[in-house]
Structure formats: structure tokens, C-alpha cells
Amino acid sequence: MSNEEYIRQRPQQQRLLDEDNGDNQWLRQQQQHQQQLGRKREDGNDDKKSTEVSLRKIIIAASVILVILLVIVYILLIPENSYPVVYSLPDPPPLEGSLSANSFLSSAKKLFEGKIEGPETIVHQKGHFYTGTADGRILHIHNGVIQTVARLGKERCDGSIYLAEPSCGRPLGMKFDPDGYLVVIEPYSGLYRVNVATGDVHLLLPSGVMIDGRPLNFLNSLDIASDGNIYITDSSTYQCRDFVMDLLDGRPTGRLLRYDPVRNSTEILLDGLRFANGVQLSRYEDFILVCETFAARIMKYNIKGINAGRAEVFAENLPGMPDNIKSSSSGGYWVAMPNVRFQGMRISVLDFLASRTFTRFLLSKLYNVVSLDLLSPSHGTMVVELNGKGDIVRALMDLEGGHLQCISEVEDVVGVLYFGSFRSPYMARLDSSRL
């Protein structure tokens, strides 16, 4: 190609190239525009999502606040309970010495499992056993045969209906009197005398009777002196089924009473006890011991001698909440503790709640709604033997509650121990001479 032709064609090529460049630039601009629109749409979607998340958070927070306000209003509308009081306890004892950890109770043999419900108290007489169960019955057991002696409730119940317990009946403390009658406490209706041969029942002292300006509200345990006087505990101002409320409240309202069936008169021996529970006369009937369950101690009331009418601490800072106390065959006393407390355990409800009055206040409010059971057998059970001075000389344990739970009483028949439980569906037996 000549120089002239090249010169003539170059402007046309440049124009084509410029046109191509223009088209490419236009395409690039369109692409950039589309990208900007895409980013805007993405930003819009992000803003929309962010707004939706924020709305969800606001709704959730508002719902939580509303629930809290409703709970507060509901609590305030529940009938007023007195605000709990602070109580104090010594630090739980260590498991050492006579309290060294063991699993002796795991060797006990369960009896009548699934056939009896909550045999709270056990009475032995010449090879015959008597107990009261959660369905309102008084049972006689002999040679493996269970018979119903009497019913103290107004209707037949299975023992599991909380609301029906006052009408079903719940036999607790029992013992034979000098005339051979079985004297039984039913906390909702009163103190009874039962003819175990005929099943006849006679009411001695009805619940609700005013003693020193306060009604008998929760009769619990008893012991009977040779002169016929009956020593009784009136555990709390709360009813039997609401015994946990006594712990939540913290006020010491338990009483030790003496009832004279001949004169039909009742007198107060001790007042201001923190859930007065099991009672046991000494061998010579010169004093009586009473368990203070929520104080983890046992009080001694002197009946005779120079200290007659005075009370003193017999055993304190026990490794559990003492329920019932019975004489041992060695001359001491067996104390049953359905719940334990000792150094190093995960939590002791009794000790944990001592200074936490607001927590107890809230729990006391909710107790009317839910079946609160703070004393469930989640940390095992224990029985200890005390000597005449109140010292622990022997302890039998199931600290995890893997075999036995909620032991409420020990009946010592010449070294063979029979265990009752206010909740478990069995009795148990253990030959202590083999330990």
C-alpha cells in the first residue's frame, strides 16, 4: 500500500476504533450502573433484614418484660404471706470420726415394696408390727401378712392426692398405752385410741382445739408415760401437707404438749420450736427429747429432778434434719434423718435458705401454685445413734439415696433395725450386729 492510500484510510480506521471504544465505554457505564443498582438493592435488603431482626428483638424483649410484670402482679395478688425471718445454723459437720462416710444402709433389705405407701412410724409388739400409711390406713403386719386395722380418713384414697390428704387421713405418730390401746395421731383430725383387735376408733383430742390461744394445727409425734400421760408435738401453724411452708417462713412455732386423757387437759411444756417433730421419753421418764427438724438439733425437757420444767440442748448441729427419735436396744437413741447436711455436699437446702429471706418469700408465694418439694430425697438419708449425753456413737448412711430414701423412723428390735419412711413405698430391715 502506498503512503497516499494509508493516509486516506487512517481517519476511517480511527473513526471505527473510536466508535468501538465508545460502545465499550457505554457498555462499561451500563454495567457500572447495573452494579450500582444491585448494590442499592442489596443495601435495601440488608436494611430490611436488619429492621426485621430489630423488630424481633423488640418483640422478644417486650414479651419478656410483659411476662415479668405479669408474674410480679400475680405474686402481689396472691394472698399475703408473712415475710420470712432469718434463721441461723452452725456450719454443717464434717464426715469424720463416728460420722465417717459409709454405705451401711445399702445392705438393708426392703420389705413389702409396692404394697405399702409411706410407713411413717413403726411400732413393734411381740412379733407384730403396726404402721400408718399415706392412704389413711393403720396396718397390722405379722408373718408377712398385711391387714388393715382401721382407717382414719373420711374416704378411700391412694395416698398420692395432695389436695385430698385432709379427707383421706395421714396417720403419723403411734404407740401403745398402758391399757393396750394403740394411740395414733392423725394431724388433720386429732389424737385417737384404737383397739387393734376390733378396729374400734375413739377420738381423744380433736385438732383445732385452742391451747393457749392457738389451735392444734399439726399434731405429729407422741410418746406415752407409764402414768398414761401422752406427750405430743404440735409441729407448726401450717398443716401437714404444707410442712415446707414452715421452713420457708422461718418462724419457730412448734410446741411440745402434755395431754392427760383422764382429766382431758392439755398443757404446753415447750414453745418456740423450729418444727417440733419426734419425741422420746428417757428410760426413767425423768426427761423427754424432742426433735427440732429445721434447727437440726434435739431439745431436752426435764420432767423430774431439780431441773424439772427447764429445757436444754441435748444434741445440736446434727448431720441432717431429725425426724423421729426412738430408744435403741443399747440404751441410747436412734434418730432418723430423711435429709442430710454435711461439709462438702453439693447443697443443703436448710443451710442455703437460712439467710435468703427474699428467695424464701418468692418460693412461699409460688408454693400455692406449684407442688414445691424442697425436701426431696436428692441427697440421701441417714440414721444416727446417740448415747445418753447426746453424742453420736454410730451412723448408718446412704448419702446418695441410691437404695433407701427419706427414712423417718428406726424401730430397734434387739439389734435388728426396721426403717420407716414418710414417702417410700416400703419398709426396710437391717441387722446392725453384722455391720
Side-chain angles (χ1 to χ4, degrees), residues 72 75-76 78-93 162 172 187 211-221 233-257 268-279 290-299 301 311-324 335 337-342 345-379 406 408 422:
I72 292 173
I75 288 175
L76 293 176
I78 294 177
E80 180 65 22
N81 293 332
S82 58
Y83 196 80
V85 298
V86 175
Y87 63 85
S88 61
L89 291 166
D91 292 335
Y162 167 82
L172 295 178
I211 306 296
D212 197 22
R214 203 183 92 190
L216 299 177
N217 203 52
F218 185 176
L219 299 181
N220 191 332
S221 186
T233 48
D234 184 23
S235 294
S236 169
T237 54
Y238 294 95
Q239 287 192 321
C240 177
R241 60 179 177 171
D242 297 322
F243 73 98
V244 175
M245 286 294 295
D246 193 272
L247 170 64
L248 298 179
D249 183 273
R251 287 173 172 79
T253 60
R255 302 186 288 185
L256 173 65
L257 312 173
I268 300 173
L269 302 181
L270 278 180
D271 202 350
L273 300 174
R274 296 200 55 235
F275 200 83
N277 209 326
V279 290
V290 55
C291 294
E292 273 191 280
T293 299
F294 297 147
R297 69 181 181 182
I298 298 171
M299 295 298 292
Y301 179 83
E312 57 191 278
V313 175
F314 181 73
E316 60 183 337
N317 200 23
L318 293 171
M321 302 183 203
D323 193 331
N324 287 316
V335 181
M337 293 178 286
N339 299 80
V340 297
R341 54 184 292 271
F342 55 86
M345 69 181 297
R346 291 188 294 275
I347 184 173
S348 163
V349 172
L350 184 65
D351 296 88
F352 175 78
L353 292 176
S355 61
R356 293 173 169 84
T357 53
F358 185 68
T359 300
R360 286 191 275 130
F361 176 71
L362 292 180
L363 290 174
S364 71
K365 293 290 189 179
L366 298 175
Y367 185 79
N368 294 319
V369 184
V370 297
S371 181
L372 180 65
D373 193 356
L374 295 175
L375 304 183
S376 60
S378 58
H379 297 296
C406 288
S408 55
F422 66 85

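Only heavy atoms go into these numbers, but all of them, side chains included; no hydrogens, no water, no symmetry mates.
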Would you say the side-chain atoms of D246 pair up with the backbone N or O of R274, donor to acceptor, closer than 3.5 Å?
no
Sole residue of V290, L273, L270 in side-chain contact (heavy atoms from CB on, under 4.5 Å) with T233
V290
Partner residues of F275 under the ring-ring contact (aromatic ring centres under 6.0 Å, His included) criterion, sequence neighbours left out:
F218, F294
Can you give me the closest heavy-atom contact between P338 and C406, atom names plus distance?
CB-CA, 3.6 Å
Could I get the full list of side-chain contact (heavy atoms from CB on, under 4.5 Å) partners for T237, not counting sequence neighbours?
R214, T253
With a 4.5 Å heavy-atom cut-off, do P319 and P93 have their side chains touching?
yes
What pairs with E316 under side-chain hydrogen bond (donor to acceptor under 3.5 Å, both in side chains), at least two apart in sequence or on another chain?
none
Any luck finding a side-chain donor-acceptor pair between N217 and R255 under 3.5 Å?
no
Output the distance between atom CG (N339) and atom CE (M345), rounded to the nearest 0.5 Å.
8.5 Å
Rounded to the nearest 0.5 Å, what separates atom CZ in R360 from atom OG in S355?
8.0 Å
Does a side-chain heavy-atom distance below 4.5 Å link M245 with S364?
yes
Yes or no on side-chain contact (heavy atoms from CB on, under 4.5 Å) for T293 and S235, after CA distance, side-chain angles and deciding distance?
CA-CA 9 Å; T293 299; S235 294; over 6 Å; no
Taking side chain as C-beta onward, heavy atoms only, is M337 less than 4.5 Å from D323?
no
Of all the heavy-atom pairs spanning A276 and D234, show the shortest one and how long it is.
CB-O, 4.3 Å
Is L350 close to Y87 at the side-chain level, that is, under 4.5 Å between some pair of heavy atoms?
yes
From D249 CG over to L363 CG, what is the distance, rounded to the nearest 0.5 angstrom?
13.0 Å
How close do C291 and N324 get, heavy atom to heavy atom, and via which atoms?
SG-C, 4.4 Å
Of all heavy-atom pairs linking V279 and S221, the shortest is N-OG, 3.5 Å
What heavy-atom pair brings A295 and L89 nearest, and what distance separates the two atoms?
O-CD2, 3.5 Å
Using 0.5 Å steps for rounding, measure from the CG atom of L362 to the OG1 atom of T357.
10.0 Å
Regarding E292 and R297, does a basic nitrogen lie under 4.0 Å from an acidic carboxylate oxygen?
yes
Between the main-chain N or O of N277 and the side-chain N or O of N220, is there a donor-acceptor pair closer than 3.5 Å?
no
Provide the closest heavy-atom pair for A296 versus R341 in the form atom of the first, atom of the second, distance.
CB-NH1, 3.8 Å
One should read off an interatomic distance between I211 CD1 and L216 CG, to the nearest 0.5 angstrom, of 5.0 Å
To the nearest 0.5 Å, what is the distance between CD1 (I268) and CG (L256)?
10.0 Å
